[in-house]
Amino acid sequence: MAGRQICVLGTSHAAALKAAWDDLAATTGDTATFFVAPGTTIFDLEFEDEALVARGDKLLESFRSRAGGRDRIAVRDYDTLVLCGVSGGIWPLIRFFGGCRFSGQDGWPDGGARHLISRALARRHAAEGLEDSFGVRVARFWSALSPARIIDVPVPPGCESALDDDSASGPAVDAARAGHGEALRALYEGERRRVLEACGAHCLEVPPDILRHGLFADRAYARSASDSGHKNKDYGRRIWEEIYRILDGHAPWQAEAPPPARPGLLGLLGLKNGRSPAAASGHGSSARP
Amino acid sequence: MTESRNPYQGLPAERFWRNGVGNSTAHDIPGLYRKKFVLSAEDRIATGGSCFAQHIARNMVRNGYSVLDVEPAPPGLSPKLQKEFGYGIYSARYGNIYTTRHLLQLAKESLGLQPIEPVVWERDGRYFDAFRPAVEPDGLDSPEEVAALRAAHLVRVAEMLTTMTVFVFTFGLTEGWVSRDGRLTFPLAPGVVAGTFDDAQHAFHNFTSEEIHADFTEFMEIVRGVNPGVRYIVTVSPVPLTATAADRHILLSNVYSKSVLRGVAGRLADEHAEVDYFPSYEIITSPMSRGVFYEPNMRSVSPAGVETVMDVFFAAHHRPERPPGPARRPAPNGRSPGRRGAGKRDVVCEEALLEAFSHGG
């Protein structure tokens with residue numbers, strides 16, 4: 001039986017998926033084609049009839065080297081679409097919270113000067129960014145043409161080592177130190193799921209045991225603070241596991257039955273620092289595959 | 001032989017209907033408005049009132065005046081959401097203030113002269129501030145969040161009242177909704193945006209001329225106590241009532257309400273040197289306009305009407321000259337309302353919600 005045809009459409013964050021895929025592909029029998037380009041170049045794809053067509057020299061060049069020279073993504077050629085880094089990340093929300101706060105949120109370094117806003121407004125702001133995103137437009141386009149599975153995968157978070165430097169600051173660092181990272185992550189993931197599911201996409205979250213303070217990744221899943229997940233094969237492998245859990249119930253390289261479904265981040269909100277039960281008991285780092 | 005004299009002899013042309021109205025056009029009414037005082041670039045102008053006041057606020061910003069925005073939108077919020085969530089519409093995020101009793105209550109609460117009494121209205125598991133239910137269209141997560149945001153809002157209102165030098169207020173309605181005990185006034189009837197009307201707790205009240213005059217006078221006294229020297233420009237909204245709770249035809253209620261408001265506004269201007277009346281009501285509703293300044297629904301004021309009103313205003317209050325030197329902030333503690341997303345001409349008007357419920361739906 002012919003394997004699946006998987007289209008991976010994304011930004012540079014798809015590098016982690018590609019690195020892992022090179023190791024895993026043989027166990028799947030599936031074929032993944034990576035239509036990826038750095039930064040915003042991927043947004044030069046144009047919607048045309050039943051295909052996405054590359055425009056612009058940079059995107060064509062990127063597809064030449066990464067997608068076997070194809071300049072056209074025919075929707076019906078694929079059973080599965082994986083979106084990575086194109087559906088509006090958490091960063092716009094984090095930056096927004098560089099200057100505001102919810103009621104009851106204390107501990108910000110400049111607390112009094114922040115705009116007090118409602119949670120409802122923050123949700124709408126987050127949703128607005130997601131709804132305008134390229135990935136959501138692709139998902140709407142794709143789902144109207146094809147019954148293929150559409151899976152939006154999470155952009156890898158920055159490494160928790162960013163918190164090591166006491167003098168470091170910035171919206172994410174400030175939010176994590178003030179203990180509000182989990183709340184912001186939950187707000188973002190809630191809206192992300194709502195917006196993406198409305199256009200027929202599955203929405204994967206960062207595996208909870210990887211997350212630290214809601215906004216950062218465990219050191220084991222990050223090479224550096226600045227390039228945590230781009231080239232991280234381990235992070236990519238975890239995401240492929242989640243993708244195959246959606247597609248088949250478990251990943252083919254996992255011989256055993258799949259582990260019980262982990263609660264999403266929303267279910268973990270009660271946990272200190274966003275750690276999974278294993279992590280909270282001191283085994284967080286050992287979660288590295 | 002003594003020459004016959006009468007007191008109308010020698011009066012300016014605009015004092016006579018034939019010249020002042022009959023020979024004028026709706027777009028050009030010489031002598032209609034003479035300002036009482038000069039607005040300067042240094043003035044910190046605050047705005048409030050019924051929905052027509054939104055036009056005044058927005059156009060004052062466009063014309064270079066420093067309009068206070070003490071409760072600005074958080075940076076990064078889109079113009080669409082700013083407008084939807086009541087940012088940048090008035091000098092603080094209080095939404096429309098239709099009655100002077102509501103204005104007075106807001107001032108008293110913000111300045112600590114009346115206990116802050118958060119009243120929370122509920123709809124579908126969401127919670128709304130009964131005194132500004134439309135500024136959070138999705139409602140809030142909890143009654144506690146309503147109380148926290150209201151407390152923060154009132155701090156900003158106090159800041160506005162104590163720092164403004166000019167307050168532009170548009171009188172909107174005489175009809176209002178109050179608590180049965182008379183202590184609280186709501187901008188909208190309970191149940192329109194959220195909450196439920198309860199005859200045991202809520203009551204309709206049609207404010208009289210004396211009450212409105214007394215309320216605004218008290219408001220001015222309170223402001224004088226914390227911020228002497230504030231001047232006022234008062235107007236009457238030409239936007240008719242959407243609905244009346246009085247037992248009579250809407251047209252009768254509308255003429256009654258507007259007449260009362262116009263009378264009070266004129267009286268205040270006659271009584272106080274620091275109060276100027278600007279005739280936006282007359283410009284839109286006078287016979288010479290022949291109704292052309294209304295949209296087909298005969299209620300909303302058309303863009304041409306707004307433009308004509310503002311042309312008259314700014315013909316008197318010229319664009320202020322800024323003192324030489326580096327550009328100064330338009331307002332302390334904030335930005336100017338309406339600066340972002342100012343292209344939209346439509347206004348936010350909770351009162352219009354009544355219309356949606358007026359068809360038995």
Side-chain angles (χ1 to χ4, degrees), chain A residues 88-133 136 169-172 174-175 178 180 182-191 194-195 198 266 269, chain B residues 69-89 92-93 95 118 120-129 132-157 159 193-194 332-335 340-341:
Chain A
I90 195 172
W91 280 103
L93 183 68
I94 301 303
R95 277 195 294 271
F96 182 63
F97 269 86
C100 51
R101 66 187 169 96
F102 294 145
S103 63
Q105 270 193 338
D106 300 319
W108 294 101
D110 55 352
R114 288 172 174 253
H115 296 252
L116 181 66
I117 64 164
S118 66
R119 288 165 174 79
L121 175 59
R123 283 192 287 268
R124 289 284 295 279
H125 174 73
E128 190 179 61
L130 290 159
E131 280 160 357
D132 286 346
S133 72
V136 167
S169 72
D174 291 347
H180 305 314
E182 289 93 344
L184 297 186
R185 170 67 67 174
L187 187 151
Y188 166 73
E189 292 294 359
E191 289 307 304
R194 190 181 62 73
V195 169
L266 289 169
L269 272 177
Chain B
D69 187 358
V70 296
E71 205 170 5
L77 196 67
S78 71
K80 176 176 175 285
L81 287 180
Q82 285 179 41
K83 185 168 176 239
E84 215 177 316
F85 281 75
Y87 288 104
I89 293 175
R93 207 168 152 237
V120 180
W121 285 346
E122 192 263 343
R123 187 190 72 209
D124 301 330
R126 306 292 299 164
Y127 302 91
F128 297 78
D129 182 345
R132 47 176 196 152
V135 301
E136 289 284 344
D138 299 342
L140 298 168
D141 286 15
S142 66
E144 291 75 23
E145 191 177 26
V146 173
L149 287 167
R150 175 148 196 84
H153 165 65
L154 290 174
V155 170
R156 299 298 188 184
V157 174
E159 180 185 332
V193 169
N333 308 310
R335 292 178 296 281
R340 285 164 296 171

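Convention: sequence-line order gives letters A, B, ...; per-chain numbering from 1.
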Given side chains that start at C-beta, do those of [X] and [Y] come closer than 4.5 Å, heavy atoms only?
{"X": "B:F85", "Y": "A:I117", "result": "no"}
{"X": "B:S78", "Y": "A:H125", "result": "no"}
{"X": "A:R124", "Y": "B:D138", "result": "yes"}
{"X": "B:P74", "Y": "A:R114", "result": "no"}

*Top contributor to chain B interface from A:A120, A:C100, A:G98 [non-hydrogen pairs under 4.5 Å]*: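 It is A:A120.
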_Contact class of A:R95 relative to chain B, heavy atoms under 4.5 angstrom_ = neither
*Search all heavy atoms of A:L116 against all heavy atoms of B:A148 and return the closest pair with its distance.*
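Closest approach of A:L116 to B:A148, heavy atoms only: CD2-O, 3.8 Å.
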*After noting the C-alpha distance and the side-chain angles of B:D141 and A:F102, does the key distance pass the side chain to side chain contact (heavy atoms under 4.5 Å, CB included) rule?*
CA-CA 11 Å; B:D141 286 15; A:F102 294 145; over 6 Å; no
_Segment of B:L149 engaging chain A (4.5 angstrom heavy-atom cut-off)_ = both
*Mind checking side chain to side chain contact (heavy atoms under 4.5 Å, CB included) for A:D132 and listing every partner two or more places apart, or none if nothing turns up?*
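For A:D132 the side chain to side chain contact (heavy atoms under 4.5 Å, CB included) partners, ignoring immediate neighbours, are A:E128.
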*Short side-chain to backbone donor-acceptor contact, B:E145 and A:S118, under 3.5 Å*: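 Between the backbone of A:S118 and the side chain of B:E145 there is no qualifying donor-acceptor contact (under 3.5 Å).
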*Atom CG in B:L81, atom CG in A:L121: separation rounded to 0.5 Å?*
6.5 Å
*asked:* Applying ring pair (Phe, Tyr, Trp, His ring centres under 6.0 Å), can you list everything that pairs with B:H153, at least two apart in sequence or on another chain?
replied: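 Here no residue qualifies.
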